[in-house]
Amino acid sequence: MANPVRVRFAPSPTGSLHIGGLRTALFNWLYARKHNGAFVLRIEDTDQKRYDPTALATLTEALRWAGLHWDEGPDVGGAFGPYVQSERLALYQQWAQWLVDNGKAYKCFCTTERLAQVNKDKEARKELPGYDRFCRRLTPAEVAEKEAQGLKPVIRMKMPLDGQTVVQDVLRGDVVFENQTQQDAVLLKSDGFPTYHLAHVVDDHFMQISHVMRANEWLPSAALHMQLWLAFGWEIPVYVHLPVMLNPNGKGKMSKRNPPKDKYGNIIPVMVHDYINAGYLPEALDNFLANIGWNFGEERELFTMAEAVERFDLARINPANSAFPTEKLDWLNGEHLRALPLDELARRLRPVLEKAGFSVDETLLQQVTPIVQTRLKTLNEVVAMAGFFFRAEFIPAAPDKLPQKKMDAASTRLALEQSISVLETLRDFGRETTHAAVEKLTETLGLNNSQLFGVLRTAVSGQQVSPPLFETMEIVGQAETLRRLRLALESLKTLAA
RNA sequence: GGCCCCAUCGUCUAGAGGUUAGGACACGACCCUUUCAAGGUCAAAACCAGGGUUCGAUUCCCUGUGGGGUCACCA
């Protein structure tokens, strides 16, 4: 009885993938995997005005990055192709014509100018805007005449004039629309391309889609889609209208046009590539997105996609729209970062460092990775935290950064001198050895760990914030550590006592 | 404005008639501490309003309010 689960993600290739699109894709993917079904990628490139030849590659790259691999679609093929709508034009035209032939749709020759005028007149009479169905009343002879004149018509749906259309939505139950409020929407444009509405129904039928999971924005046009299914007499898929992700302040949906901001006024990226470039992990972004509108259960929010697949359930989707909880992404990213095995983290850190202009020595990378792991929220932060390890030329800190709290140039000089004399005698430069040696100095110098270590940290790393000092010195090595300490000591001379 | 959807801490959410309304993020305090993190402990913080139904409503119904979506030869 039950059809096999076949779901689809049907983006329109207009650039990188919108973050909300990724969430929709993710839910479809989770559902497909959960039910051992098929996840189909279909490209909705039926708007020639918005055609962008590079967009498809960018889009699929984002999907692959997120780990949402499709079973059927461009690149991978499948039994229900082609998966790009512009390659299926004949099919839409054929079925649009079928609707006309069967009295379910009609050709409309109205110009955009007339359409505009109709709305203007309606507005003047304080009526609701909308097409006046002028061409619905055209006789076959009139239609033939206009076509003989070479006029290119659109094909419009003949919506029922009265009664109701009921759309069954998994999350909301029956949604009822009064047919009087509906429009005779365009199904096939005059250039022979379908609109979304026609393409959706025709493709989902022929691709044997079992569940239509799409954004909530589509709910208002679902009545039209329902009438289309009825007109064709095809089996109707299950509809799930997913909640929309709103701006973090809850005002309006996430959009590139009107960039959302967090509570500090920082602009929040909307495109998946922005998140990739910002150093987020795909497993974190997926985890983050899965938590918006869906709930894992067991009061758990940190999980892998494998775990999510196991538990994914339409019944746990919350139909309410939600603000984009941007702070949780940083937290989750940190969690996933720390959960990564060290060699894997190193593998992901490398390109970030290279992009920042460093040449990355593998051994050095392996040494640095463990000491930065708990200190990173995003991969990109490794540059500020530990970039100095990879810099060809050491950049010392400004001398005035050397003295720590309650220290002056003299005490700083002394701290440096003593440290140097202790450190240069050491045979072993391991973290424990150096730590023990330096720590002993604090008493004689009358300083606390924070002060003494701070001076050395600034001298050795060139930064006031760095990974732990003794680990850092071990990696930098004895000779270079001493060189930097002497450099600092020297620079102190320029500082007024 | 018409139509449609939605409504629990600031935010993401659990809850499906009787709960001290739970968790998480962020925020604050404290502990740990070598800077920054991480980790630990604690605190503060919510059922939009008004009517019903009911012995009893956060939960069910209605109305209002608020928010969102949508009204193209874009998807």
Side-chain angles (χ1 to χ4, degrees), chain A residues 10-14 44-47 49-50 108 110-112 115 126-131 152-156 167 169 171-172 175-178 180-183 185-191 193-197 199-200 214-223 241 243-244 246 248-253 262-263 288 291-302 316 318-332 334-335 338 372-377 381 384-385 404 435 438-439 448-454 456-458 461 463-471:
Chain A
S12 123
T14 52
E44 310 227 332
D45 61 341
T46 58
D47 184 1
K49 293 187 209 79
R50 293 205 293 178
C108 170
C110 293
T111 61
T112 34
L115 260 26
K126 295 209 185 313
E127 288 176 25
L128 263 32
Y131 181 53
K152 290 267 181 262
V154 300
I155 291 179
R156 283 183 185 272
V167 175
D169 180 272
L171 305 181
R172 296 157 243 270
V175 180
V176 181
F177 297 87
E178 294 295 331
Q180 294 172 29
T181 65
Q182 298 295 307
Q183 296 281 315
V186 172
L187 302 176
L188 195 74
K189 304 178 228 179
S190 55
D191 62 2
F193 278 66
T195 59
Y196 169 86
H197 312 294
H200 151 49
R214 74 214 319 188
N216 198 211
E217 286 114 271
W218 291 109
L219 193 51
S221 55
H241 288 95
V244 170
L246 271 23
N249 61 11
K251 303 278 180 204
K253 60 176 179 178
D262 67 14
K263 59 181 175 182
F288 170 73
N291 275 320
I292 306 177
W294 180 68
N295 186 266
F296 187 85
E298 287 186 350
E299 304 198 325
R300 197 138 88 79
E301 295 180 45
L302 177 64
R316 292 195 78 86
N318 177 177
N321 293 168
S322 61
F324 193 74
T326 176
E327 342 73 60
K328 280 203 178 187
L329 177 57
D330 285 340
W331 166 66
L332 279 170
E335 291 287 342
R338 273 168 255 133
V372 296
Q373 188 167 35
T374 61
R375 279 162 250 273
L376 264 27
K377 277 205 315 284
E381 287 174 352
M385 175 63 68
Q404 302 298 296
H435 189 167
V438 171
E439 201 163 30
N448 58 37
N449 287 353
S450 185
Q451 291 172 305
L452 178 54
F453 296 4
L456 300 183
R457 170 193 323 287
T458 309
S461 71
Q463 305 179 166
Q464 291 178 287
V465 173
S466 83
L469 176 62
F470 302 103
E471 283 85 337

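Below, chain A is the first sequence line, B the second, and so on; all start at residue 1.
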Does [N] have a Watson-Crick or wobble mate here (both distances under 3.5 Å), and if so which one?
{"N": "B/rU65", "answer": "B/rA7"}
{"N": "B/rA72", "answer": "none"}
{"N": "B/rC32", "answer": "none"}
{"N": "B/rA57", "answer": "none"}

Using the [atom1] atom on both, measure [N] against [M] and round to a whole Å.
{"N": "B/rC12", "M": "B/rC55", "atom1": "C1'", "result": "36 Å"}
{"N": "B/rA37", "M": "B/rA75", "atom1": "P", "result": "49 Å"}
{"N": "B/rC60", "M": "B/rG15", "atom1": "C1'", "result": "15 Å"}
{"N": "B/rA7", "M": "B/rU13", "atom1": "P", "result": "11 Å"}
{"N": "B/rC9", "M": "B/rC25", "atom1": "C1'", "result": "12 Å"}
{"N": "B/rC36", "M": "B/rG68", "atom1": "P", "result": "41 Å"}
{"N": "B/rU8", "M": "B/rU59", "atom1": "C1'", "result": "11 Å"}
{"N": "B/rU53", "M": "B/rA43", "atom1": "P", "result": "41 Å"}

Length of the [atom1]-[atom2] vector between [X] and [N], whole Å:
{"X": "A/E327", "N": "B/rC27", "atom1": "CD", "atom2": "C1'", "answer": "11 Å"}
{"X": "A/L128", "N": "B/rC4", "atom1": "CG", "atom2": "P", "answer": "12 Å"}
{"X": "A/F177", "N": "B/rC3", "atom1": "CZ", "atom2": "P", "answer": "12 Å"}
{"X": "A/E127", "N": "B/rC3", "atom1": "CD", "atom2": "P", "answer": "16 Å"}
{"X": "A/L171", "N": "B/rC4", "atom1": "CG", "atom2": "C1'", "answer": "15 Å"}
{"X": "A/E471", "N": "B/rU33", "atom1": "CD", "atom2": "P", "answer": "15 Å"}
{"X": "A/E299", "N": "B/rA14", "atom1": "CD", "atom2": "P", "answer": "11 Å"}
{"X": "A/K328", "N": "B/rU13", "atom1": "NZ", "atom2": "P", "answer": "8 Å"}

For a quick check of understanding: with a heavy-atom distance under 4.0 Å over all strands, which category does [X] fall into, base, sugar-phosphate or nothing?
{"X": "A/R214", "answer": "nothing"}
{"X": "A/V176", "answer": "sugar-phosphate"}
{"X": "A/G293", "answer": "sugar-phosphate"}
{"X": "A/R300", "answer": "nothing"}

Checklist outcome for this item: Hits for side-chain hydrogen bond (donor to acceptor under 3.5 Å, both in side chains) against A/K189, two or more places apart or cross-chain, chain-then-number order -> none
Checklist entry - Angle class for the A/F296/A/W294 ring planes (parallel below 30°, perpendicular above 60°, tilted otherwise)? => result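 Geometry flag for A/W294 against A/F296: perpendicular rings.
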Checklist entry - Using 30° and 60° as the class limits, which term best fits the ring planes of A/H435 and A/F453: parallel, tilted or perpendicular? => result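 It falls in the perpendicular class, over 60°.
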Checklist entry - Can you name the closest pair of heavy atoms from A/E44 and A/S12 and give their distance? => result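 That would be O-CB, 3.3 Å.
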Checklist entry - Do you know the tightest heavy-atom contact between A/L219 and A/F177? => result O-CZ, 3.4 Å
Checklist entry - Choosing from B/rU34, B/rC3, B/rC12, which nucleotide comes nearest the side chain of A/I292? => result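 Shortest atom-to-atom distance from the side chain points to B/rC12.
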Item to check | Residue A/N295, side-chain atoms from C-beta onward, closest of B/rG15, B/rG2, B/rU13 | outcome: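 Of the options given, the side chain of A/N295 lies nearest B/rU13.
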Look at the side chain of [X] against the base of [N] and say whether a donor-acceptor pair falls under 3.5 Å; ignore hydrogens and angles.
{"X": "A/T374", "N": "B/rA38", "answer": "no"}
{"X": "A/E301", "N": "B/rG23", "answer": "yes"}
{"X": "A/R172", "N": "B/rC5", "answer": "no"}

In the structure I gave you, are the side-chain heavy atoms of [X] and [Y] within less than 4.5 Å of one another anywhere?
{"X": "A/I292", "Y": "A/P325", "result": "yes"}
{"X": "A/L115", "Y": "A/Y131", "result": "yes"}
{"X": "A/R172", "Y": "A/N216", "result": "yes"}

Next on the checklist: Go nucleotide by nucleotide along RNA chain B from the 5' end; which of A/W331 and A/M385 gets its closest nucleotide reached first?
Outcome noted: A/W331
Next on the checklist: For a side chain to side chain contact (heavy atoms under 4.5 Å, CB included) check, start with the C-alpha distance between A/T458 and A/Q404, then their side-chain angles and the critical distance, and finish with the verdict.
Outcome noted: CA-CA 9 Å; A/T458 309; A/Q404 302 298 296; 3.7 Å; yes
Checklist entry - Would you find a donor on one side and an acceptor on the other, under 3.5 Å apart, between the side chain of A/D169 and the backbone of A/H241? => result yes
Checklist entry - Within the structure, does a side-chain N or O atom of A/S450 lie under 4.0 Å from either OP1 or OP2 of B/rU33? => result no
Item to check | Distance, nearest 0.5 Å, that separates NZ of A/K49 from CZ of A/F193 | outcome: 10.5 Å
Check nucleotides 40-43 of chain B for protein N or O atoms closer than 3.5 Å to its own N or O atoms and list the pairs.
none

Checklist entry - Under 3.5 Å, is there a donor-acceptor pair between the A/R50 and A/T14 side chains? => result no
Checklist entry - Can you give one letter per nucleotide of nucleotides 63-75 of chain B, 5' to 3': B if a protein heavy atom sits under 4.0 Å from the base, S if only from the sugar-phosphate, - if neither? => result ----SSBS--BBB
